[in-house]
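Let me begin by presenting the structure, written as structure tokens, before commenting on it.
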Amino acid sequence: MKKFVTVYRDSYRELKKVRTITTAAMFMAVAVVLGYFTIEAGPYLKIGFGAVVNQFVYFMFGPVVGGFYGGVLDLIKYIIKPTGAFFPGFTLNAILAGIIYGTFLYQRPLTFKRTLAVHFIVIMVCNVFLNTVWLSMMSGKGILALIPMRFVKNIIMWPIDTAIFYLIAKKMEEAGIVKAIRQFKLPGARA
């Protein structure tokens, strides 16, 4: 329990740092650009690559920053490129996904097993269950009509997305890039 509280406390402290905000903003810009390369495989099914970028923010800065980042990014993406009506449930999902990823990845050793497990939790809770509920509410279609294709897509993408994030993050860790980003200080700025 103490470790759990420490993760949230430390992540909250990260949120107060200029370095964290500027780094998250740069990752956000990359995520927005990657959002333009989303493949729409039907009206309720999209395959995108921005989530991998977002996971770096959750991994480096934790659940508090992750939740804040996820919510802000969802709103910015909607403002820049609206795809249908705005629905706050999707923003809630983005916040929840950031919190879940941050809770399991922040200040912990990066292992493929941990990455696979947390990605599965986010897929099942946010993507398959909650997103399907929101889509059902918006479209008037039954949840059981939407869940099968969403479940199949997410299960197929689960090991692929996990492997992409894990391999890139591991290489960045080995090269010292993650540590450099976490410790970077602006000239004249307080830590």
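These numbers come from a predicted model, not from an experiment.
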In terms of the angle between their ring planes, are Y166 and F112 parallel, tilted or perpendicular, with boundaries placed at 30° and 60°?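 Aromatic pair Y166/F112 classed perpendicular.
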Strictly below 4.0 Å, N to O, side chains only: are D74 and K77 in salt-bridge contact?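 No, D74 and K77 are not salt-bridged.
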Residues R19, E14: salt bridge by 4.0 Å N-O rule: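 Salt bridge: yes.
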Under 6.0 Å between ring centres, would you say that holds for [X] and [Y]?
| X | Y | value |
| --- | --- | --- |
| F4 | Y8 | yes |
| F56 | F59 | no |
| F27 | Y69 | no |

Within the structure provided, determine whether [X] and [Y] are in side-chain contact (heavy-atom separation under 4.5 Å).
| X | Y | answer |
| --- | --- | --- |
| R114 | P109 | yes |
| T162 | F120 | no |
| Y12 | R9 | no |

Hey, could you give me the [atom1]/[atom2] distance between [X] and [Y], rounded to the nearest 0.5 Å?
| X | Y | atom1 | atom2 | answer |
| --- | --- | --- | --- | --- |
| T22 | K17 | OG1 | NZ | 12.0 Å |
| F151 | T132 | CZ | OG1 | 11.0 Å |
| I121 | C126 | CD1 | SG | 10.0 Å |

Between the side chain of R108 and the main-chain N/O of T103, is any donor-acceptor distance below 3.5 Å?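 Here the side-chain-to-backbone pair exists.
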What heavy-atom pair brings G62 and S11 nearest, and what distance separates the two atoms?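 Result for this residue pair: C-OG, 3.2 Å.
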On a heavy-atom basis, which atom in A31 and which in L73 lie closest, and how many Å separate them?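 Scanning both residues completely, I find the closest heavy atoms to be CB-CD2, 4.0 Å.
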